[in-house]
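Chain letters run A, B, ... following the sequence lines, proteins first and then strands; every chain starts at 1.
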Number of protein chains: 2
Amino acid sequence: MSQQTALKQKQNKPSYHHGDLRITLLNAANVLLKETGIEGLSLRKLADKVGVSRTAPYHHFKDKNQLLCAIAEKGFVQWQQDAANIFNQTGLSPKEKYRQFFHGYISYAADNPELYDLMFGRTIWKQNSATSELRNAAYPSFHHQVKMTKKWQEQGLMPSGEDTLRLSQVTWGTMHGIARLLIDGIYADRSHIDEMCDCAVNLFTQQITQSED
Amino acid sequence: MSQQTALKQKQNKPSYHHGDLRITLLNAANVLLKETGIEGLSLRKLADKVGVSRTAPYHHFKDKNQLLCAIAEKGFVQWQQDAANIFNQTGLSPKEKYRQFFHGYISYAADNPELYDLMFGRTIWKQNSATSELRNAAYPSFHHQVKMTKKWQEQGLMPSGEDTLRLSQVTWGTMHGIARLLIDGIYADRSHIDEMCDCAVNLFTQQITQSED
DNA sequence: AAGCATATGTTGACGCTGTCAAGATAACAA
DNA sequence: TTGTTATCTTGACAGCGTCAACATATGCTT
């Protein structure tokens, strides 16, 4: 953005060029997503809300899919920060840390159901429609869990007999499955969250000599 | 269907009234679903494929949602039969039976990805859009698992210390999560199925004195 | 057998969607 | 200053779900 444009923005003078449309669109899309869900998020409504014409977004996103991927991408980054905060806590036993991680994941999903649905929903991941940027944001999240799973196995928190990658897939699958059950309201609701998480953590962890991290 | 109409159908004489449109629509929808996925399943294409006008389906389904629910309903019935066949086997240890049940669930999902996606996807379950018929077909599937979980706990296959309902939600969530990972191709692919299932079964079951059911 | 209600089919129309093409305007680089 | 590029605009198109109005076949009642 040039100095002149920046100045215009500051002075709230209307200009032909928006100056910051990409970010504005992403923010508005997040709001619209929360309010109406994926099915209510249309490019036209979005453009209207931001105050530009229907086709303006196409200069910043190749198509709707790319916009959705960008939103999901932000979701992954945000969750990774939340997770990092949990892992960076000190003075917690491995089991307690894992418990908090599990609870944190489910809470993130329950607090941002529409976003979570977008992040892990078919809309984005079906037959390679995910952008490489999205993949680059999503995969580290799982890789980190694999790394932590290995550590948990070494610490004796999780069974060392199982293959680390399979164990990661199963534990992650459990979190994902519980999250989906909650969001879709199929066989569970929010009042079950704590008990479900504790039950799952109990199943996956064994009694070990307590030590800090 | 009257005798005359039935006769017409038999003789392949074209008639103004289709005579069997509801079932024909459901079957064609299943094919279209398999071929193009949910996003490719439109009422207009469907009607065209069957050879009726765009609005003819509305005399058999209130709207698109009701059609989708009806398809999903069939999916639940079908899965329940598959599951029953597994449970009705004789000469298997509880653990082996559970293993087959787990594998069967994942295989069903992997073999019918589009149908599974419809059955458990947001499209149908978001804010009470599921028909009561669908609920009546879907819930027994879970209730049966709760019943089996209780049995498995009593048999010592699964930890008896955990609340049965929570345990059911967790184990079911795991199956659902793994199924979704496979279908969406996020963090797993078909070549991992067996190992993932075995890993999960190992985690959920304990060593017990083997006995026949 | 006649007539009428009902079920089932049709075409027309509406507003919504994503997206392309062509043109207008601003920003920037030479 | 001039020309290139980025950005934003309107116009247009096909596809979608769905409603309204109308047509036709079926089946029940008399």
Peer 1: Is B:R122 salt-bridged to A:E114, going by a charged N under 4.0 Å from an acidic O?
Peer 2: yes
Peer 1: Report the nucleotide, chosen from D:dT18, C:dT8, D:dT9, that has the shortest atom-to-atom distance to any side-chain atom of A:A56.
Peer 2: D:dT9
Peer 1: Is A:R180 salt-bridged to A:D117, cutoff N-O under 4.0 Å?
Peer 2: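 So A:R180 pairs with A:D117 through a salt bridge.
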Peer 1: Side chains of B:K74 and B:N27: does their closest heavy-atom pair fall under 4.5 Å?
Peer 2: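 Sidechains of B:N27 and B:K74: in contact.
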Peer 1: Among C:dT8, C:dT11, D:dC8, which nucleotide sits nearest the side chain of B:R54?
Peer 2: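 Out of C:dT8, C:dT11, D:dC8, the nucleotide with an atom closest to B:R54's side chain is C:dT11.
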Peer 1: Rounded to the nearest angstrom, tell me the gap between atom NZ in B:K62 and atom C1' in D:dC19.
Peer 2: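 Atom-to-atom, B:K62 to D:dC19, this comes out as 13 Å.
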Peer 1: Please state how far atom CD1 in A:I23 lies from atom P in D:dT7, giving the value in whole angstrom units.
Peer 2: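 The distance from CD1 of A:I23 to P of D:dT7 comes to 12 Å, rounded to the nearest Å.
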Peer 1: Without decimals, in angstroms, what is the distance between B:R22 CZ and C:dG9 C1'?
Peer 2: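 These atoms are roughly 17 Å apart.
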Peer 1: Show each protein N/O and nucleotides 14-17 of chain C N/O combination with a separation under 3.5 Å, one pair to a line.
Peer 2:
unit_1: C:dT17; atom_1: OP1; unit_2: A:S42; atom_2: OG; d: 2.9

Peer 1: Mind listing the closest non-hydrogen atom pair of A:L134 and A:A72 along with its distance?
Peer 2: CD1-CB, 3.9 Å
Peer 1: Salt-bridge test for A:K45 and A:E35: reply yes if a basic N is under 4.0 Å from a carboxylate O, no otherwise.
Peer 2: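 Salt bridge absent between A:K45 and A:E35.
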Peer 1: Looking at side-chain heavy atoms only, is the closest gap between B:R99 and B:E96 below 4.5 Å?
Peer 2: yes
Peer 1: If I take atom CG in residue A:L67 and atom P in nucleotide C:dT19, what distance separates them, rounded to the nearest angstrom?
Peer 2: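 About 10 Å, once rounded to whole Å.
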Peer 1: Less than 4.0 angstrom between a side-chain N/O of A:H60 and OP1 or OP2 of D:dA6, yes or no?
Peer 2: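 No, no such contact exists.
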Peer 1: To check you understand the geometry: which heavy-atom pair defines the closest contact between A:R22 and A:A70, and what is its length?
Peer 2: NH2-CB, 4.3 Å
Peer 1: Show your working on salt bridge (Lys or Arg N to Asp or Glu O under 4.0 Å) between B:R190 and B:D111 and close with a plain yes or no.
Peer 2: CA-CA 10 Å; B:R190 290 206 63 147; B:D111 290 342; 3.4 Å; yes
Peer 1: Could you say whether A:H59 or A:N65 is positioned toward the 5' end of DNA chain C, judged by the nucleotide with the nearest heavy atom to each?
Peer 2: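 The residue closer to the strand's 5' end, by nearest nucleotide, is A:N65.
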Peer 1: Out of C:dA21, C:dG9, D:dC19, which nucleotide sits closest to the side chain of B:T55?
Peer 2: D:dC19
Peer 1: Hey, can you tell me if A:Y105 and A:W79 have their rings parallel, tilted or perpendicular (30° and 60° cut-offs)?
Peer 2: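 The arrangement is perpendicular - the two ring planes meet at more than 60°.
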Peer 1: For residues A:I86 and A:F101, report the shortest heavy-atom separation together with the two atoms involved.
Peer 2: CG2-N, 3.9 Å
Peer 1: Expressed in angstrom and rounded to an integer, what is the separation of A:Y58 atom OH from D:dG11 atom C1'?
Peer 2: 15 Å
Peer 1: Can you sort out which residues in residues 29-37 of chain B have a heavy atom within less than 4.0 Å of DNA chain C? Ascending by number, please.
Peer 2: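 None - not one residue of the stretch has a heavy atom sitting under 4.0 Å from the strand.
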Peer 1: At how many degrees, to 10°, do the end axes of the helix from C:dA1-D:dT30 to C:dA30-D:dT1 meet when each uses five pairs?
Peer 2: 0°
